[in-house]
Amino acid sequence: MSELRYRDALKLSLQEEMKRDENVILMGEDIGVFGGAFKVTSGLLEQFGERRVRDTPISENSIVGMGVGAAMVGLRPVVELMTVNFALLAFDQLVNHAAHIHYMFGGQARVPLVVRMPQGAGHQLGPTHSHSLEAMFLHVPGLLVAVPSTPADARGLLKAAIRDENPVIFIEHESLYGVRGEVDEADDRPLAFGQARVAREGGDVTIVGVSRMALTAERAAERLASEHGIEAEVIDPRTLRPLDLDTILESVAKTNRCVVVEEGWPHGGVGANLAALVSEQAFDDLDAPVVRVSGADVPMPYSKPLEEIAFPHEPDVVQAVLSVTQAGSAQ
Amino acid sequence: MSELRYRDALKLSLQEEMKRDENVILMGEDIGVFGGAFKVTSGLLEQFGERRVRDTPISENSIVGMGVGAAMVGLRPVVELMTVNFALLAFDQLVNHAAHIHYMFGGQARVPLVVRMPQGAGHQLGPTHSHSLEAMFLHVPGLLVAVPSTPADARGLLKAAIRDENPVIFIEHESLYGVRGEVDEADDRPLAFGQARVAREGGDVTIVGVSRMALTAERAAERLASEHGIEAEVIDPRTLRPLDLDTILESVAKTNRCVVVEEGWPHGGVGANLAALVSEQAFDDLDAPVVRVSGADVPMPYSKPLEEIAFPHEPDVVQAVLSVTQAGSAQ
Amino acid sequence: MSDPPAASRPTPALPEPEVAREWLATMTLIRRFEERAGEMYARAKVGGFLHLTIGEEATIVGSARALRETDYLVSTYRSHGDAIARGTPPERVMAELFGKVDGCCKGHGGSMHMFDGERRFMGGYGIVGGNLPIAAGIALACDQRGTDEVTLCTFGDGASNQGTFGETLNLAALWQLPVVFMVINNQFGMGTSLHRHSAVTDLQRKGESLGVPGMRCDGMDVLDTHAVVSQALQRVRDERRPLLVEAVTYRFRGHSMADPEEYRSKEEVAQWRERDPLPAFAALLEREGVLSAEQREQIERDAVAQVDAAVEFAERSPFPQPSSLYEDVYVIDDQVHGHYHSDSDKRSRRLAAAAAVAPDGGERLR
Amino acid sequence: MSDPPAASRPTPALPEPEVAREWLATMTLIRRFEERAGEMYARAKVGGFLHLTIGEEATIVGSARALRETDYLVSTYRSHGDAIARGTPPERVMAELFGKVDGCCKGHGGSMHMFDGERRFMGGYGIVGGNLPIAAGIALACDQRGTDEVTLCTFGDGASNQGTFGETLNLAALWQLPVVFMVINNQFGMGTSLHRHSAVTDLQRKGESLGVPGMRCDGMDVLDTHAVVSQALQRVRDERRPLLVEAVTYRFRGHSMADPEEYRSKEEVAQWRERDPLPAFAALLEREGVLSAEQREQIERDAVAQVDAAVEFAERSPFPQPSSLYEDVYVIDDQVHGHYHSDSDKRSRRLAAAAAVAPDGGERLR
Ligand SMILES: Cc1ncc(C[n+]2csc(CCOP(=O)(O)OP(=O)(O)O)c2C)c(N)n1
Ligand SMILES: Cc1ncc(C[n+]2csc(CCOP(=O)(O)OP(=O)(O)O)c2C)c(N)n1
Ligand SMILES: [Mg+2]
Ligand SMILES: [Mg+2]
């Protein structure tokens with residue numbers, strides 16, 4: 001076991017997979033000479049050479065499209081989009097092409113492509129640079145969507161993503177790159193998609209935290225325990241497609257209350273989707289409606305004090321939990 | 001009162017607004033000489049000339065971006081994207097620019113832009129040409145989203161969209177263009193956004209039908225009444241941003257049951273969003289979970305019998321209603 | 001753009017007689033296939049959009065025959081002819097148009113989305129301009145592996161205005177990728193004529209500022225097309241940098257079946273039809289003495305027979321089972337668990353609603 | 001690309017002495033402003049990404065001064081200098097960097113998203129290439145109204161690879177729009193040098209295949225830049241068709257504040273710094289006798305004083321109230337009802353969670 005940063009766990013994962021399979025290549029803006037905007041790929045150009053670590057021009061839609069084409073004939077391209085915000089330029093290749101080619105061509109073609117990108121607010125990057133778009137991606141059949149929140153998950157899920165035969169949207173988080181966590185370097189098995197992680201056990205309420213919000217949820221749970229005597233079960237779904245709904249439902253069957261925490265916009269967000277699924281499938285288990293804690297329904301403002309209140313923090317989660325536990329006890 | 005087709009009601013609306021305000025211009029692929037892929041704009045080139053009815057090259061992202069720029073300095077551009085499927089190429093201009101400019105520039109700039117586009121399945125156009133993407137659009141703060149289902153609504157909402165100071169995603173439906181309905185030509189007032197239409201009153205269940213599915217819901221309601229003695233209240237939200245949640249909640253308070261019918265994909269769809277909102281705000285009113293009837297979670301297949309079962313029809317709605325009314329009576 | 005261009009170079013030499021006849025036969029087969037497809041559309045056997053390639057057969061066959069078997073071809077939504085030229089059995093193409101399970105894409109894709117991986121026909125794509133980066137990606141993979149395979153990517157004059165054109169040509173030039181971009185200039189993007197959609201109408205030059213030199217061929221002349229595309233492929237194979245080839249041609253029919261063609265005059269169409277590549281090539285072969293009247297008739301008969309057989313095959317092939325709806329959305333794999341689809345639980349209801357019910361397709365593992 | 005280009009033409013004549021000194025003053029102001037912004041960033045007064053324009057002042061001022069007041073300027077995320085050159089008070093720009101309510105965008109936009117509608121500075125845009133169609137749209141509106149206003153759109157060498165470049169240049173040429181595209185070739189897109197991101201490195205030619213002829217100016221020379229951009233604007237104003245101007249320049253600092261600059265050598269930077277446009281222009285003015293040593297010092301002092309005042313203003317300006325979070329998302333209007341935001345009901349809770357609570361912002365009508 002060693003302690004690695006999220007960034008380094010990702011790099012380790014890329015290194016391992018590139019050594020294992022020479023079909024794995026990296027493409028992206030400033031991933032080579034510059035070492036990556038968030039330094040995930042630094043050193044890989046030197047290690048693997050410029051044919052396997054390719055700096056691209058600023059052409060998001062075509063970079064992704066080239067990844068699709070290369071994947072169709074057997075390479076395993078890992079495309080880095082500098083941030084999720086620029087993925088909006090590549091939605092055509094992601095949705096109309098990557099996601100649909102396998103189905104559209106009757107199963108003849110496969111697109112084992114990984115598109116990595118960090119998302120999130122918190123660095124005062126303003127409206128065009130702070131999106132969390134997992135809700136848009138999970139909407140699309142044909143894509144798999146990973147949202148790892150720990151270094152170990154980042155490494156394991158990235159390995160699974162690279163080895164998988166389907167196109168994977170691999171969403172990292174700008175605020176997580178420096179976060180440290182235990183990684184068992186000796187165990188280089190991929191981490192299966194579709195298995196949620198129960199980050200904390202508890203019987204009073206289920207909190208589902210997506211991407212970075214898994215950590216926020218964990219911290220909120222500690223506070224709920226110490227300050228309010230409430231034991232929250234915290235679940236990190238790890239992947240949103242496939243979704244390990246079973247683990248969430250089992251937890252809700254026990255706690256009868258569910259709070260979903262996400263960083264993105266609320267209208268049509270991940271929380272809405274989970275709220276709908278949980279309500280549908282565990283209606284009789286629920287003592288209170290599923291409560292959603294989300295980013296504010298605004299473009300992300302630059303100014304620090306506005307940005308701070310525009311995405312969820314522990315107190316928001318604590319408050320949301322108190323609102324459902326109170327609702328529950330009132331019944 | 002006269003009977004107009006949906007297509008002609010839209011054209012009437014464009015004509016009226018173009019006569020009223022010379023700043024209204026149209027841009028889009030094949031809207032002029034060809035008359036529009038779905039003939040909504042046919043004749044307008046002849047009527048208003050080629051400076052106001054502009055055929056564009058196939059450059060979706062830039063056409064929308066030009067609309068944004070022109071709107072910022074006072075034109076009121078109505079951009080037609082040939083279909084919603086191609087809007088995926090313009091997501092950057094729609095989200096990072098159109099939606100965010102007003103906020104990002106501190107309220108100094110306005111983007112009174114309308115982007116019209118038809119969506120939907122049913123014509124065997126296959127995976128790349130059959131999307132229903134309203135769930136992606138409603139996710140984005142800064143956009144308004146209209147989904148008219150009748151000729152009168154199409155005309156009135158398009159007028160409101162053109163006069164509104166915000167960017168509007170105006171989603172038409174390929175299967176509705178030929179549908180006729182009453183339009184009061186003498187009354188040329190815009191139809192306010194954010195007011196749902198109660199298409200049918202009833203006390204047993206609330207069915208919310210989005211875009212074309214409002215019609216499917218209405219037909220299902222007739223069948224429920226005649227075959228099952230169930231009186232459904234059918235609500236067409238008409239706009240998804242703003243959303244007239246009040247009308248839906250009032251109905252659910254009366255019926256205690258809610259079914260949402262949409263054509264798009266289920267995971268993170270409009271139905272999920274409404275299910276979450278209704279459950280949150282009317283938890284105690286609900287005798288059963290909100291049930292969603294949606295398009296299948298697959299890229300839309302070409303083959304007729306597959307396509308037919310991949311989006312909702314009356315029997316699906318009837319069955320869903322029966323499942324909640326039975327659940328209700330069991331309690 | 002109303003004047004058909006005369007071939008600019010002296011006509012290249014004929015290939016071996018047998019080869020020449022095969023070209024004519026394939027052009028004929030494509031023509032008859034397209035005509036029949038149109039009829040089947042009128043009879044509602046075929047749905048969706050149907051974009052016929054009639055008039056462009058010389059471009060299709062001339063370029064396809066310049067390819068090696070190991071080269072890749074990437075095309076558009078107007079690609080029945082490409083599939084057939086590449087060797088996909090016409091009955092598989094017709095069955096796809098019928099939406100049948102024996103269609104080359106099992107009925108999932110339809111007219112706009114043909115594919116035949118085995119023959120390295122890497123697809124028809126419905127999104128204008130969407131195929132360019134995909135072709136460059138295939139070329140990248142070939143280059144990466146050190147093969148001498150080249151990718152040919154065809155697209156329309158209208159597609160040259162899409163952002164992917166500039167992006168992909170720059171990338172291909174920068175990375176020295178073995179790809180030939182072929183812009184099929186049929187004078188129109190849907191109802192918009194070339195000079196109304198492209199500021200530069202000399203399309204062979206449209207890649208120059210992006211680092212991709214251009215060539216032009218007479219797309220109404222199968223020999224010229226073959227010669228120019230062969231040369232382009234060879235240069236790309238050897239020099240390892242992309243080229244753009246403009247094929248000047250014309251589509252005789254409407255953009256799709258629902259096109260009243262009010263954007264062009266009957267005279268213009270008639271003028272181009274005088275250069276119809278089929279009779280032109282047949283006449284040339286007869287003049288050169290490599291095609292007898294009998295052979296010509298035989299080619300016609302064969303084409304019609306193949307198309308008849310294709311229709312029969314398509315008719316006989318069953319529609320996909322409703323239970324197959326969720327098949328091929330994902331490659332199901334043992335490292336993925338959980339619910340691929342959030343409506344997994346509803347699937348059986350959905351399928352039950354349809355006539356035939358089949359067991360769970362297996363998307364949910366464990 | 002490591003050799004700074006020598007100015008290719010004879011240096012254009014100086015403008016009136018007062019005008020020349022004003023140019024120098026504005027260049028100096030921008031330089032001092034940027035330096036201070038960098039310091040404020042290091043002191044965490046400024047957040048986000050900070051892209052400084054140091055080294056590019058001649059490009060900025062030379063082009064801005066070629067514009068009429070009624071012309072429009074559209075820029076990128078590297079646009080503090082553009083705003084200042086256009087006349088936006090430096091304190092409003094600095095307050096924006098501080099995220100304060102008196103910032104030119106009320107603190108909503110930050111460094112990458114400046115705007116001053118009054119002065120027709122139509123914005124800095126964070127998305128590389130996103131501003132090109134917007135500029136063309138503004139030009140379309142000007143043309144539509146029959147004015148003689150021209151739009152100047154600046155973007156980087158890296159942006160010329162974005163799809164919008166090809167799309168927009170074609171559209172502008174096709175529709176004969178009054179827009180000058182100015183590619184600021186500072187030799188790098190972030191850490192990727194020109195020849196590693198663009199197949200054609202002679203950027204003035206990159207629009208030719210799209211129907212947009214090009215010109216080049218020495219972006220280190222304010223006179224040359226002014227002369228070439230003036231000529232371009234005049235031609236566009238008269239001939240009503242777009243032009244591309246390449247300004248050859250160099251950014252002396254990192255791409256943003258978090259750039260170790262390992263992609264270029266110290267020597268290369270030093271070589272370019274020898275052509276620093278500020279001392280070069282000042283020396284020229286001194287040589288030509290239109291700038292005394294005293295005046296030069298005064299210009300320096302004024303610049304520093306203005307920047308001091310800007311910082312003081314920004315410090316004093318309050319942060320936006322939490323209650324303003326939902327303001328300016330929509331233009332609230334009487335033809336729209338219902339819930340603009342689906343979290344309307346949660347808004348009060350969210351705001352309550354923050355220190356200051358304010359009444360409902362009014363997004364929900366009726
Ligand atoms: C991105 C996108 N925009 C619009 C369309 C609709 N459309 C289909 S074909 C076509 C015209 C394309 O013209 P061209 O590229 O010249 O090809 P041709 O049809 O002439 O073969 C258009 C606009 C589309 N399929 N994709
Ligand atoms: C669409 C998009 N992709 C990537 C980025 C990240 N990014 C910001 S600036 C930049 C380099 C741009 O280079 P250039 O256009 O030459 O402008 P310069 O920074 O040199 O002024 C990149 C890649 C972005 N902001 N937008
Ligand atoms: Mg064409
Ligand atoms: Mg640059």
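Computed from heavy atoms alone, side chains included, the values below leave out hydrogens, waters and symmetry copies. Note on naming: letters A, B, ... go to the chains in the order of the sequence lines (proteins, then strands), and numbering restarts at 1 for each one.
For A/E60, the parts lying under 4.5 angstrom from a heavy atom of chain D are both the backbone and the side chain. For D/M190, the parts lying under 4.5 angstrom from a heavy atom of chain A are both the backbone and the side chain. For a residue to count as touching a neighbouring chain, one of its non-hydrogen atoms must lie under 4.5 Å from one of that chain's; by this rule A/H123 touches chain D with the backbone only. For D/V101, no part lies near chain A; criterion is any non-hydrogen pair under 4.5 Å. For a residue to count as touching a neighbouring chain, one of its non-hydrogen atoms must lie under 4.5 Å from one of that chain's; by this rule A/L89 touches chain D with the side chain only. With a 4.5 Å cut-off on non-hydrogen atoms, A/A272 does not touch chain D at all. Contact of A/D30 with chain D is made through backbone and side chain together, with heavy-atom distances under 4.5 Å.
Annotation for A/Q124 and D/G47: closest pair OE1-CA, 3.6 Å, computed over non-hydrogen atoms.
In this structure a side-chain-to-backbone donor-acceptor pair under 3.5 Å is missing from A/Y302 to D/M112. Between the side chain of A/S303 and the backbone N or O of D/G99 there is at least one donor-acceptor pair closer than 3.5 Å.
Top candidate by heavy-atom pairs under 4.5 Å with chain D, chosen from A/D55, A/N85, A/I58, is A/I58. Ranking A/L306, A/N61, A/V33 against chain D, the residue ahead of the rest is A/L306, based on heavy-atom pairs under 4.5 Å.
A donor and an acceptor atom, one from each side chain of A/T128 and D/H113, are located under 3.5 Å apart.
Note: D/F49 CZ to A/H129 NE2 = 6.0 Å, rounded to the nearest 0.5 Å. Note that OG1 of D/T192 and CZ of A/F34 are 8.5 Å apart. Values are rounded to the nearest 0.5 Å.
In the displayed structure, D/E315 atom CD is contacted under 6.0 Å by more than 12 heavy atoms of other residues, nucleotides or ligands.
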